[in-house]
Amino acid sequence: MREACVFTIVREEPIFLPIWMRYYSQHFDAQDIFVLHHITDTLDNCCDIIAEQGANIIKVHNPLFDPAWLLRVVSNQQAQLLETH
């Protein structure tokens, strides 16, 4: 079991996601960094560069922003990570 990990959720975030990754990769191994990539109908490749660095990209789909969906997705991911880290 791993000691700790970090995760976030992004959608069309080409500017701040690399900054986030640079910071957290100083404190966590790439295998312990998780990014929920909120995919909509638009082409969004913001996670490609951090995937190349070894971060775990988990694609989640929802065409619109929905706070209830966001809460459910983030809560489920947190529960899964707490089981393994």
Side-chain angles (χ1 to χ4, degrees):
M1 180 180 282
R2 311 280 309 172
E3 275 191 36
C5 67
V6 63
F7 80 98
T8 190
I9 187 166
V10 297
R11 178 180 152 200
E12 301 172 9
E13 192 54 71
I15 304 296
F16 291 109
L17 182 58
I19 295 168
W20 182 91
M21 181 66 180
R22 271 194 306 275
Y23 176 80
Y24 282 100
S25 64
Q26 295 174 21
H27 306 285
F28 294 89
D29 292 336
Q31 66 188 10
D32 295 324
I33 297 174
F34 295 82
V35 176
L36 302 176
H37 186 188
H38 178 194
I39 306 276
T40 61
D41 292 335
T42 62
L43 178 61
D44 180 5
N45 59 358
C46 70
C47 290
D48 291 353
I49 194 162
I50 65 165
E52 293 172 2
Q53 297 173 14
N56 299 282
I57 309 302
I58 302 164
K59 294 181 180 178
V60 292
H61 301 273
N62 198 38
L64 301 172
F65 178 78
D66 174 10
W69 171 85
L70 180 63
L71 175 63
R72 187 172 55 255
V73 167
V74 170
S75 295
N76 288 341
Q77 184 62 41
Q78 179 187 28
Q80 288 177 354
L81 291 172
L82 285 172
E83 291 178 8
T84 59
H85 286 74

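All heavy atoms count here, side chains included; hydrogens, waters and symmetry mates do not.
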Give me the atom names and distance for the closest heavy-atom approach of [X] to [Y].
X     : Y     : answer
Cys46 : Pro14 : CB-N, 3.9 Å
Glu13 : Pro18 : O-CD, 4.1 Å
Val10 : Cys47 : CG2-SG, 3.8 Å

From [X] [atom1] over to [Y] [atom2], what is the distance, rounded to the nearest 0.5 angstrom?
X     : Y     : atom1 : atom2 : value
Thr8  : His37 : OG1   : NE2   : 11.5 Å
Leu71 : Asp66 : CG    : CG    : 10.0 Å
Cys5  : Asp29 : SG    : CG    : 11.5 Å
Lys59 : Asp44 : NZ    : CG    : 9.5 Å

> When you measure from the side chain of Asn56 to the backbone N and O of Gln31, does any donor-acceptor pair fall under 3.5 Å?
Replying inline: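 Yes: the side chain of Asn56 pairs with the backbone of Gln31.
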
Test of understanding: clusters of I, L, V, M, F, W, Y form through side-chain heavy atoms closer than 4.5 Å, transitively. Do [X] and [Y] belong to the same one?
X     : Y     : answer
Ile9  : Tyr24 : no
Phe16 : Val35 : no
Val6  : Ile57 : yes
Phe65 : Val74 : yes
Ile33 : Ile50 : yes

> Does the ring centre of Phe34 sit less than 6.0 Å away from the ring centre of His85?
Replying inline: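 Here the rings of Phe34 and His85 have centres that are less than 6.0 Å from each other.
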
> Are side-chain heavy atoms of Trp69 and Val60 found at a separation under 4.5 Å?
Replying inline: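 Side chain of Trp69 against side chain of Val60, heavy atoms only: contact under 4.5 Å found.
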
>> Within the 4.5 Å heavy-atom criterion, are Leu70 and His38 side-chain neighbours or not?
In response: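 The answer is no; the side chains never approach within 4.5 Å.
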
> Heavy-atom count around Ile49 CD1 within 6.0 Å, excluding the residue itself: above 12?
Replying inline: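 Open: at most 12 neighbouring heavy atoms sit under 6.0 Å from CD1 of Ile49.
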
>> How about CD1 on Ile15, more than 12 heavy atoms from neighbouring residues, nucleotides or ligands closer than 6.0 Å, or not?
In response: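 For Ile15, atom CD1 is not crowded (no more than 12 foreign heavy atoms under 6.0 Å).
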
>> Does Glu3 form a side-chain contact (heavy atoms from CB on, under 4.5 Å) with Asp32? I'd like the steps, not just the answer.
In response: CA-CA 9 Å; Glu3 275 191 36; Asp32 295 324; over 6 Å; no

